[in-house]
Each structure stands twice: as C-alpha cells, then as structure tokens.
Amino acid sequence: MTSTLISGISELWTLDPALDDPARPGGAADEQVRRDAALVIEDGRIAWTGPAAEAPAADETVDVGGRAVLPGWVDSHSHLVFDGDRAAEFEARMAGRSYSAGGIGVTTDATRSASDEHLCELVLGRIAEAVAGGTTTLETKTGYGLTVEHELQAAQLLSALIADGELDEATFLGAHLVPREYDGQDGRPGADDYVDLVSGEMLAAVAPHVRWIDVFCEGGAFDPEQSERVLRAGAAAGLGLRVHGNQLGRSGGVALAAELGAASVDHVNHLDASDVEALAATASRDTAPGDRPGRLAVDAGPTVATVLPACDLSTRAPLAPARDLLDAGAAVAIASNCNPGTSFTSAMSFCVTTAVLQMHLSLAEAIRAATRGGALALRRTDVGHLGIGARADLHVLDAPAAIHLAYRPGMPLTHRVWRRGVEQPPTVSD
Ligand code: NIG
C-alpha cells in the first residue's frame with residue numbers, strides 16, 4: 001500500500017464532520033480550514049491531516065506549492081445522458097423567449113436515435129470535463145429516453161459507469177416529460193397512462209440499475225398527484241427520492257418532497273415562506289426511520305434544497321433564495337444541473353462563484369453547499385470532506401486561498417485534481 005504526502009498546502013479545507021460547529025451550521029469552523037497544512041493519502045483514503053511541520057513520512061511526496069486544497073466538488077444533479085444540443089433554443093431564450101419543459105422532447109428525439117457506444121462516449125467526455133473542473137463525485141440521471149427500452153439503455157450505461165468508478169450515483173427520471181406518443185389525441189394514450197408505465201413496467205426494468213428516482217413536478221411536466229404516484233412506486237421498489245420542484249412556479253414539488261421525505265428537492269426558484277419553513281423543518285429530521293406516521297421507508301435525514309445557479313442564469317429565472325433557506329436553517333446544496341436545455345455546463349466552480357456573488361452566500365457556505373451539501377443530498381458520508389477515512393478527492397486551486405474563487409471570477413483556478421487517491425488528467429483529452 002503506497003502512501004502519498006501532499007505538502008505545501010496554504011489552506012486546507014477539511015470540512016471534517018467530526019469538527020462541525022453547531023453555531024455555524026452552514027459554514028466552516030476555524031478548525032475545518034487549516035493554514036500551512038499537509039495531508040496523507042493511503043489506499044485511496046485520507047489517512048492524516050495536520051500542520052505541515054508535523055507531517056509524517058510517506059512513500060512519495062507531492063508539493064502543491066502554497067496552494068489551497070478543497071474536497072472535490074460533489075455535483076448531486078446532472079443529466080449527462082443525451083445526444084445533440086439546444087443552442088438555438090438557448091439563443092431564442094436570450095432574445096426573450098421563456099423556458100418550457102417541452103424542449104426536453106427535442107433532446108429525447110436525438111437521444112433515442114443514438115447508439116450505446118456513442119452515448120457512452122458522450123457521457124465519458126462530459127464526466128472528463130466535470131472532473132477537470134474539480135468535480136470528483138457525480139450523480140446523473142436517465143430522462144431523455146422515455147420508453148422502457150431507452151430508459152433501460154440509459155440506466156444500464158450509468159450502472160456500468162459506476163462499476164468502472166467513472167460515476168458515483170444514478171437516478172431514474174422516466175418522469176421527466178410526458179412523451180408526445182402519450183398526448184391523449186386521436187386515440188393515443190394520455191399522461192396518466194404514461195405515469196402508469198413509469199411507475200410500473202419502466203420502473204421494474206430500471207430499478208435494479210439505479211439508487212434514486214426523480215420526477216419533474218412542474219406545469220407542462222407532472223402535477224403533484226402524478227409525481228406522488230411515481231415517487232411512491234419508486235420508494236416501494238427501494239429507491240431513494242429526489243424531486244425537481246418549484247423551478248417555473250410554485251409547482252407543489254417542494255411541499256411534496258418535504259412531505260414524502262425526499263433526500264433532495266432541486267431548483268427551488270419559486271418559494272414562499274411556507275415552502276422555506278417546510279424545508280427548514282426537515283433539517284432536524286433525524287436519520288432514524290419511523291418518527292412520523294406515513295413516512296416512507298427510505299425517508300431518512302433532511303430534504304436538501306439543491307440550488308442550481310448556472311441553470312438560473314441560463315434560463316433567466318429568479319435566483320433560488322439560497323440565503324433565505326440557509327437563514328431559516330434548511331440544508332442547502334449547490335449542483336451544476338449539466339444538461340442541454342437549461343444549463344450546459346458542469347463547472348461547479350462557476351456555480352460556487354455565482355452563489356457567493358449573486359446569491360449572497362459566504363465563501364464557506366458556498367464551498368460547503370457544493371461539497372458536504374451535495375454529499376448530504378446523495379446521503380453519502382464518504383465524500384464532500386477530507387476527514388480521516390474520507391475518499392481522497394482533492395481539488396487543488398491555482399490560488400493561495402479559496403476566496404480567489406469569487407475574487408477572480410471565471411479564471412481557470414483548478415490546478416490539480418485527485419479522485420479516489422489517483423491524480424486525474426489536467427485537461428480533457430480528444
Ligand atoms: O433540471 N427541469 C427539468 N429538467 C432539466 C432540464 C431539461 C431540459 O430542458 O432538457 C433541468 O433543468
């Protein structure tokens with residue numbers, strides 16, 4: 001077993017859960033950000049962190065030259081399985097058209113006609129881009145197939161990528177859009193028939209390959225009643241729950257997610273005080289099942305409010321009220337939502353910068369939301385921090401302090417990345 005000492009760390013953000021300060025629930029305690037530090041990686045895990053002067057000997061040493069080191073980003077929301085792009089739709093939006101769920105159908109057409117090999121190549125390329133930007137834990141979803149055959153194809157691809165260590169979490173999103181063959185016209189089946197398919201045959205086919213089920217609970221996609229049917233079927237199949245909610249309006253997605261004990265509700269652009277309160281109330285929910293009648297078996301821990309700053313900018317939506325959510329005591333995560341329609345970027349550093357500059361989070365709150373917050377949204381304790389035993393996922397910034405992420409917006413600040421203890425290629429290869 002080889003050990004690697006990383007030295008020359010000007011600022012080490014361990015965000016070690018063992019050092020959490022209850023007085024700073026969304027931020028970082030002083031002990032979680034060490035100056036002049038070092039760390040040791042052994043067997044893909046963090047084996048030691050501490051002052052540089054006390055660093056133990058190791059088989060090899062890497063000096064990062066006075067740079068800041070963070071846990072790799074945990075991107076808990078992406079849609080990487082797709083073919084084609086929607087640049088024309090984006091351009092029209094910048095000219096004043098508003099976003100609607102229907103665009104998903106354009107990508108569905110392109111994705112259904114792609115071969116397994118081509119889709120795999122596309123997804124691998126997108127993962128490489130994300131990792132080159134400091135992302136080391138990545139969730140992604142099905143949702144551009146919308147037939148049993150194509151959703152299964154996407155789910156199998158994702159589970160193969162997880163087995164290869166390329167990806168971390170897979171989500172079934174058959175309930176992304178009602179496909180046009182279920183438009184209820186001219187004798188064709190309708191939306192409720194599609195909900196039956198998603199929660200029946202499609203779920204049965206896909207469930208063995210994924211850990212999560214998600215639903216787009218929104219006007220133009222699925223109403224709360226349809227969304228609940230899908231989520232309950234997913235829970236009965238043993239999947240954890242995620243919801244796309246309150247992106248385009250007060251869709252009921254947030255209330256449903258909190259009620260059913262989803263691990264995360266994502267977007268959360270349109271919230272009133274009762275929505276914020278409902279999410280904050282879940283933050284004290286313990287992780288033991290059965291503390292509330294009717295709670296689903298998979299329900300454990302808070303419903304994390306996952307904000308998607310790049311998506312908000314790309315759709316010119318009101319920014320999700322991350323500041324209010326944190327102030328109310330809700331658990332918050334930041335994710336990229338990389339997809340061809342509303343956020344064609346996996347740049348988590350950009351999302352963190354935006355959260356600081358435009359959503360009014362402190363640097364510590366934004367970094368935590370993009371690491372520990374994402375991990376909580378995925379119910380993972382092994383990633384999102386650099387406590388002893390954590391996965392050795394390091395993001396070395398080309399800066400002496402992490403505040404440069406917001407101070408130097410848009411600059412290429414990712415210097416080196418380690419994932420599972422292995423240094424990653426610095427750029428995406430052809
Ligand atoms: O998270 N909102 C639903 N799903 C994606 C958008 C998908 C698309 O427009 O292709 C999202 O923004």
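Whatever order the structure lists ligands and atoms in, that order sets their numbers, starting from 1.
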W73 and S349 side chains, donor-acceptor separation under 3.5 Å: yes
Ring-face cation contact, F82 with R126, 6.0 Å cut, 45° max: yes
Establish, from distance only, whether the side-chain atoms of T142 and E151 form a donor-acceptor pair under 3.5 Å. yes
My understanding is that only one of L157, I162, L152, L158 makes a side-chain contact (heavy atoms from CB on, under 4.5 Å) with H209; could you say which? L152
With hydrogens left out, which residues have an atom under 4.0 Å from ligand 1, given that only heavy atoms count? H77, H79, R86, Y99, I104, Y144, H176, F216, H244, Q247, H267, N337, N339, G341, T342
Examine the side chains of S78 and S336 and answer whether a donor and an acceptor come within less than 3.5 Å of each other. no
For the residue pair N246 and E218, confirm or rule out a side-chain donor-acceptor distance under 3.5 Å. no
